[in-house]
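Here is the naming used below: chain letters follow the sequence lines, and residue numbers restart at 1 for every chain.
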4 protein chains.
Amino acid sequence: MPEPQAASPRTPDATRRSERSRRAIYDAALALVTEVGYARTTVEGIASRAGVGKQTIYRWWPSKSAVLLDAYLDLAGQAAAEAQDGQDGAEAAGLPDTGDLAADLRAVLRATVDELNDPRFEAPTRALTAEGVVDGELGARFVERLLEPQLQLYVDRLTAAREAGQVRDGVDPRVAVELLVGPLTHRWLLRTRPLTHAYADELVEYALHGIAPRQAVEGA
Amino acid sequence: MPEPQAASPRTPDATRRSERSRRAIYDAALALVTEVGYARTTVEGIASRAGVGKQTIYRWWPSKSAVLLDAYLDLAGQAAAEAQDGQDGAEAAGLPDTGDLAADLRAVLRATVDELNDPRFEAPTRALTAEGVVDGELGARFVERLLEPQLQLYVDRLTAAREAGQVRDGVDPRVAVELLVGPLTHRWLLRTRPLTHAYADELVEYALHGIAPRQAVEGA
Amino acid sequence: MPEPQAASPRTPDATRRSERSRRAIYDAALALVTEVGYARTTVEGIASRAGVGKQTIYRWWPSKSAVLLDAYLDLAGQAAAEAQDGQDGAEAAGLPDTGDLAADLRAVLRATVDELNDPRFEAPTRALTAEGVVDGELGARFVERLLEPQLQLYVDRLTAAREAGQVRDGVDPRVAVELLVGPLTHRWLLRTRPLTHAYADELVEYALHGIAPRQAVEGA
Amino acid sequence: MPEPQAASPRTPDATRRSERSRRAIYDAALALVTEVGYARTTVEGIASRAGVGKQTIYRWWPSKSAVLLDAYLDLAGQAAAEAQDGQDGAEAAGLPDTGDLAADLRAVLRATVDELNDPRFEAPTRALTAEGVVDGELGARFVERLLEPQLQLYVDRLTAAREAGQVRDGVDPRVAVELLVGPLTHRWLLRTRPLTHAYADELVEYALHGIAPRQAVEGA
DNA sequence: CGATAAACGAGACGGTACGTCCCGTCTTTGC
DNA sequence: GCAAAGACGGGACGTACCGTCTCGTTTATCG
């Protein structure tokens, strides 16, 4: 039953789309970005490596960066699904909550450090971030689809902590999150210093002091 | 063919360099990046706009990004010189030290916010940062020539504060700096939230709490 | 899979063919060639204009030129049928034979001039002729199906004239035909000079002199 | 001293043109047309075979057919120069004039037959003629640069013959030329019959009868 | 002060990739 | 089971820039 309402002139029919090609394009795009870098990755190269016509790429994506974004989201989705399997599965992808806020944050930030240092992720993540810095639209989608959901997990965990009295009233959890994540990102993006577990621990320590209730600090 | 002793063919004679062309190239590069964005700024476009032969660009710079970096450093240098004129001039570009650490940091961070929001700086800064994220070598030069000297000013101010007992012993000033600057950069680069004075103030508050001496907090 | 007795997969069943589509394809092909020229007429364009799937064209024709050839033969057939209605119909499409060879040939050549100048025919005739010049196979079909039958009419008329003593013995009627038709075609194809009735008359005069019996010329 | 008047915006500087590339392009174009035919000759193919950038072709010619036209004119020029060397040289490329008109024309038409049957010329000549049939502008240039000069030689020879009383007064030499050349072209382009010396001789015989003075025929 | 050599403006060159148009094939859906 | 629709792998289009390479033309020391 063809939907008569939708589908403007130049809009292809998504139901006929080749899954095979989509996968091949994702794989080729990620491989090329990793191997030769973003600037030297070309649509033509992706098409040729994926064994696909160029038009098949241009039919579904407007630009190289858009392809890479989807390829990356797909990769992140897979990685998340795998990680999920290691947990009990029921309560989805929340941050751990053992009651020990500092320990929980250290674990998560250390994991983030590891991921950022993982060569499998490094090239595409850098490429997309850089592209998003310059191309507002791509950046917005990147943030919306990937970054914000992740930050929201921190916000949730910190909100819980505040309700448990571990965080000072009046602290904006959003700002608190950025106090942790901002420096990490800064170091990684700008390569000013190596990104280590020790750095993650230090950040957690300073940030938690910064947002702790006054008496909590006193009692420590 | 008499071989002169010095200066191989590939090394142009910098003393004969046309200052006029250099300036025109900087201006054209910055203007184009601002007007059409980094990706659509081309060496050919810069040359044509500057009324300069392409070879004159390739003679002195290896790539588009290198031109832009120099153009940007030139711009930053001018801006710094102007800002300098407002100060007493003798003790160069140190951070203010009124004794009130929080107030000093708020002032500096607010100024940074203003600069990042200045459309005159935004496009080239984003362009160079993004390029540096992906191109390690350019990034390194960008950091070395521009970012590190600035961060060092913070480090100096915080070191002074620590000696004055306003910062907890054992706190790494470098990490403390990143606690302030990292979140700011994060917000600006990724455009997750608007960059305001209020945000700068909040960061200073939380960060200072985080690195304050225990008793200082207690006594507050 | 039950193999039906006749019609291999590659041979579609012509009895089920859609007459409606065939007509629409002919019309679209001729219209496009006339409007945008042969080179910019595409199979996709014909299909879309005819409201027909591309495969419907490829099912029945091997190439763009083959479609156009059939479309043209169809058009020529219609034109011939119309012209026929003006005659007594019984003796089909022979050249007129009033006994005055020169007058008969003038009439026919003038009619040919008019047809070649008819914008309805010009574009497709040029397109097919040009294609046939380069593509031997298409050219052969074009000649066999269209040109040769027409030239044969001239041959017949001239043979009759020779038997009536109006043409010198030993003259090859085929060559004589080309003496008339060749120059006409030459002028039309190569656009060296305008194609007029006067030119047709002149050709008839010279050619008839050329093939006349010696005494006939003497007696004239 | 740069000429300030000439050279509109997008007009390249012809004085800097690479003769090497021009030659390579001509050779590649002619070779490809001969080897794979006009339709399957591509600008990309010519460029690649000539070891030349595509832009170098598009800088100097607007289309594939224009390239081929120039390549062909070059070839024809060379061939003419070679042929010239065989003659006494002084009186350029006029048709022979031995006083025997029929013999002279037979010689020339036979040479034309040989050239049209020469595989070295066949493919490009067909290609250009066909293209000119469809593309009026190219056709006009082809006729002007190549065909008309040749036909003019015939016109000159026939005019001389008329003055010598070998051609009837009142005969238009131009039409007379087409009486000879038209049928030849017709047979060659449309491949209706093989193109032979005998055919050339027959054409000369009939055509000369057609344009002979009345008494001349009588006296023959 | 005039010679000379380097930097300059200009832009042609061999290339690579762009994003688009069609090719001819294949697959899905509906009549 | 043909037909409309159109996605697919592929090839070529004509354009934009790349970075290199001559060209004359300034320009600015040096002999």
Side-chain angles (χ1 to χ4, degrees), chain A residues 1-2 7 11-18 20-21 24 40-45 47-48 50-60 62-64, chain B residues 4 7 9 12-18 20-21 40-48 50-60 62-64, chain C residues 4 7 9 12-18 20-21 40-45 47-48 50-60 62-64, chain D residues 1-2 7 12-18 20-21 24 40-45 47-48 50-60 62-64:
Chain A
M1 178 170 54
T11 306
D13 179 348
T15 67
R16 299 233 166 145
R17 184 165 182 185
S18 160
R20 203 175 180 292
S21 297
R40 291 191 357 237
T41 295
T42 66
V43 173
E44 218 150 69
S48 136
V52 139
K54 266 204 291 184
Q55 197 56 46
T56 298
I57 295 183
Y58 284 111
R59 184 153 31 228
W60 302 110
S63 66
K64 169 171 81 162
Chain B
D13 179 348
T15 67
R16 300 184 67 128
R17 183 167 181 183
S18 161
R20 204 176 178 291
S21 296
R40 278 163 44 209
T41 295
T42 65
V43 173
E44 224 153 61
I46 295 171
S48 141
V52 139
K54 268 202 293 182
Q55 196 56 39
T56 300
I57 295 185
Y58 284 110
R59 185 155 28 231
W60 303 110
S63 66
K64 169 172 80 164
Chain C
D13 180 349
T15 67
R16 300 186 64 137
R17 183 168 182 182
S18 160
R20 206 176 175 291
S21 296
R40 277 158 53 207
T41 295
T42 65
V43 172
E44 224 153 63
S48 142
V52 138
K54 267 203 292 183
Q55 197 55 41
T56 299
I57 294 183
Y58 283 110
R59 192 162 13 240
W60 303 109
S63 67
K64 169 172 82 164
Chain D
M1 180 170 52
D13 180 348
T15 67
R16 300 234 166 148
R17 184 165 182 183
S18 160
R20 205 176 180 291
S21 297
R40 287 175 21 221
T41 295
T42 64
V43 173
E44 218 150 67
S48 138
V52 138
K54 265 203 290 184
Q55 198 55 48
T56 298
I57 295 185
Y58 284 112
R59 186 156 25 234
W60 303 109
S63 65
K64 170 173 79 164

What are the two closest non-hydrogen atoms of W60(B) and D13(B), and how far apart are they?
CH2-O, 3.7 Å

Between W60(A) and R16(A), just flag the one whose closest nucleotide in DNA chain F comes earlier from the 5' side.
R16(A)

Let me know the distance between CD1 of I57(A) and P of dA7(F), rounded to the nearest Å.
16 Å

One character per nucleotide, please: for nucleotides 9-14 of chain F, 5' to 3', B when the base has a protein heavy atom closer than 4.0 Å, S when only the sugar-phosphate does, - otherwise.
BB-BBB

With sequence neighbours left out, the residues meeting side chain to side chain contact (heavy atoms under 4.5 Å, CB included) with S63(A) are S65(A), A66(A)

Starting at CG of D13(D) and ending at P of dT25(F), how long is that distance when rounded to a whole Å?
12 Å

Counting only heavy atoms not in R17(C), do more than 12 fall under 6.0 Å of its CZ?
yes

How close do A24(A) and A50(A) get, heavy atom to heavy atom, and via which atoms?
O-CB, 3.5 Å

Rounded off to whole Å, could you give me the CZ-to-C1' distance for the R17(D) and dC23(F) pair?
17 Å

Sequence neighbours left out, what passes side chain to side chain contact (heavy atoms under 4.5 Å, CB included) with R59(D)? Give chain and number order.
P12(D), Q55(D), T56(D)

Is there a donor-acceptor pair closer than 3.5 Å between any side-chain N or O of K64(B) and the backbone N or O of T41(B)?
yes

